[in-house]
Amino acid sequence: MKKSDATSLAQEIVKLSGGFVGEANVVNEHGNLFKKNYNENVRLNRLFMEHLIDLVLFLGKQELAFRGHDESSDSLNKGNCRELFEIHIIRCSQKIQNHYNSIKNIFTGMSKSIKNDLISCISEFLINQIKNEIKQCKFYSIQIDDITDISQKTQCSIITRYATDKSELIERFLGFHNVSEDRTAQGLFNLVYFVLHEFDIENKLVGQCYDRACVMSGHLTGLQARVKEVAPNALFTHCLAHRLNLVLQHGCSINAKCRIFFANLTGIAAYFHNSTSRTNFVDTIVGKRIPQFVQTR
């Protein structure tokens, strides 16, 4: 190869290598820019989700309904969740507003599935915190009661009480459980054991509190007897509120004057409650509503 040919080839190699280096720099710069934009988008998404989580926490704490009867765009009342969200998003920073406007055609966070997912995540987090507290305590007790809800399903509530290392008495609600299909003592025991088996129920459970229904308090086959078979230290206590209610109820029914008095009192409340004009009359004259009579209270 001639010297001039070698020089020309070397120059071409330098030019080509410079081009490759330039293209590599462009690719690297584009990659860095993409990562920066991606991270910024993730940060804005997280800030937007924080607002949604705060909204769910607020409505849950205040026990307010999420959905409204009419959530269409032209509705005057779109429900607590949408109305609060619109107020909340207006008060956000301009970056969050711009980000929401850019993604609202894809994701708004207002669908029922997203709300239910957020509620489930928050519930799971709280339940895990309660479980950790119960696992760390030395002993605990439970209180169980059931009630029929508006859909005619029997819901069993489970509440646990325990003391912390700082001798603070804590009471936690573990949730409602549908027991409509099986309200027997064995069915309730299966539910209790399913909920509490991971908390060393055999050694840590020292108290159980129910009403005096036979299925709950029966000393042979009732729930409290079945619990004692696996947790011998679980002392049964009849609910004091139910006990006081029964004492007052039976005491008043024996005394004729008390029985007549409460019958009249019940009749007065029913008389005014069953008519809107009578209710308005009481509001005008007395200034207060006559409370309805509830037998268990």
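Positions are given from 1 along the sequence.
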Atom pair CG/OG1 of Leu223 and Thr184 - distance to nearest 0.5 Å: 10.0 Å
Gln62 atom CD, over 12 foreign heavy atoms within 6.0 Å: yes
Between Leu55 and Cys81, which heavy-atom pair has the shortest distance, and what is it? CD2-SG, 3.3 Å
From CD1 (Ile127) to CG (Asn132), nearest 0.5 Å: 11.5 Å
Please report whether the ring centroid of Phe199 lies less than 6.0 Å from that of Tyr162. no
Look only at the side chain of Ser180 and the backbone of Thr154, and say whether a donor-acceptor pair between them is shorter than 3.5 Å. yes
Which residue pairs pass the salt bridge (charged side-chain N to carboxylate O under 4.0 Å, His left out) test with at least one member in residues 127-142, sequence neighbours excluded? Lys131-Glu198, Glu133-Arg172, Lys135-Glu198
Sort and list the pairs that fulfil salt bridge (charged side-chain N to carboxylate O under 4.0 Å, His left out) and have at least one residue in residues 187-196, not counting sequence neighbours. none
Give the cluster check for Phe125 versus Leu57: same hydrophobic cluster or not, with ILVMFWY residues linked at side-chain heavy-atom distances below 4.5 Å. yes
With the side chain counted from C-beta on, respond yes when Leu174 and Leu196 share a heavy-atom pair under 4.5 Å apart, and no when they do not. yes
Quick one: side-chain hydrogen bond (donor to acceptor under 3.5 Å, both in side chains) partners of Asn190, sequence neighbours excluded? Gln186
Does some side-chain heavy atom of Asp200 sit less than 4.5 Å from a side-chain heavy atom of Glu202? yes
Among the clusters formed by ILVMFWY side chains lying less than 4.5 Å apart, do Ile159 and Tyr210 turn up in the same one? no
Would you indicate whether Leu76, at its atom CG, is surrounded by more than 12 heavy atoms from other residues, nucleotides or ligands within a distance under 6.0 Å? no
When you group the ILVMFWY residues by side-chain heavy-atom contacts below 4.5 Å and let the links chain together, are Phe107 and Phe85 in the same group? yes
Would Asn178 and Gln155 count as a side chain to side chain contact (heavy atoms under 4.5 Å, CB included) here? Give the steps. CA-CA 5 Å; Asn178 185 9; Gln155 302 284 351; 4.3 Å; yes
Is Gln208 reaching over with its side chain to a backbone N or O of Phe236, donor-acceptor style, under 3.5 angstrom? no
Taking Asp145's backbone N and O only, do any of them form a donor-acceptor pair with Ser157's side chain (distance below 3.5 Å, no angle check)? yes
Can you tell me if OH on Tyr271 sees more than 12 non-hydrogen neighbours from other groups inside 6.0 Å? no
Distance, nearest 0.5 Å, that separates CG of Leu52 from CG of Leu118: 6.5 Å
With a 4.5 Å cut-off on side-chain heavy atoms, are Arg226 and Thr221 touching? yes
Which pairs of donor and acceptor atoms, one on a side chain in residues 42-50, lie under 3.5 Å apart (sequence neighbours left out)?
residue	atom	partner	partner atom	Å
Arg43	NE	Glu40	OE1	3.3
Arg43	NH2	Glu40	OE2	2.8
Asn45	OD1	His99	NE2	2.6
Asn45	ND2	Asn41	O	3.2

From Cys209 SG over to Leu235 CG, what is the distance, rounded to the nearest 0.5 angstrom? 10.0 Å
Test of understanding: with ring-ring contact (aromatic ring centres under 6.0 Å, His included), list the residues that count as partners of Phe176, not counting sequence neighbours. Phe173
Looking only at non-hydrogen atoms, find the nearest pair between Cys137 and Ala163 and report the distance. CB-O, 3.6 Å
When you check the gap from the basic side-chain N to the acidic O, do Arg161 and Glu171 get nearer than 4.0 Å? yes
Within the supplied structure, the quantity of interest is the number of heavy atoms (other residues, nucleotides, ligands) at a distance under 6.0 Å from Arg259 CZ; does it exceed 12? yes
Any Val192 side-chain heavy atom under 4.5 Å of Ile142 side chain: yes
When rounded to the nearest 0.5 Å, the distance separating CZ of Phe194 from CD1 of Ile158 is 10.0 Å
Under 4.5 Å between side-chain heavy atoms, counting indirect links through other Ile/Leu/Val/Met/Phe/Trp/Tyr residues: same cluster for Ile130 and Phe139 or not? no
Minimum heavy-atom separation for Ile144 and Cys156, please, with both atom names. CG2-SG, 3.4 Å
Interatomic distance, CD1@Ile201 vs OH@Tyr140, rounded to 0.5 Å, equals 5.0 Å
Check the surroundings of atom CZ in Phe189: do more than 12 heavy atoms from other residues, nucleotides or ligands lie under 6.0 Å from it? yes
Is there a donor-acceptor pair under 3.5 Å between the side chain of Asn80 and the backbone N or O of Ala65? yes
Quick note, side chain to side chain donor-acceptor pair (under 3.5 Å) partners involving residues 110-122, not counting sequence neighbours, are Ser111-Ser113
Would you call Phe66 and Ile119 a side-chain contact if the rule is heavy atoms closer than 4.5 Å? yes
Say whether Val206 and Val230 are linked into one hydrophobic cluster, either directly or through other cluster members, by side-chain heavy-atom distances under 4.5 angstrom. no
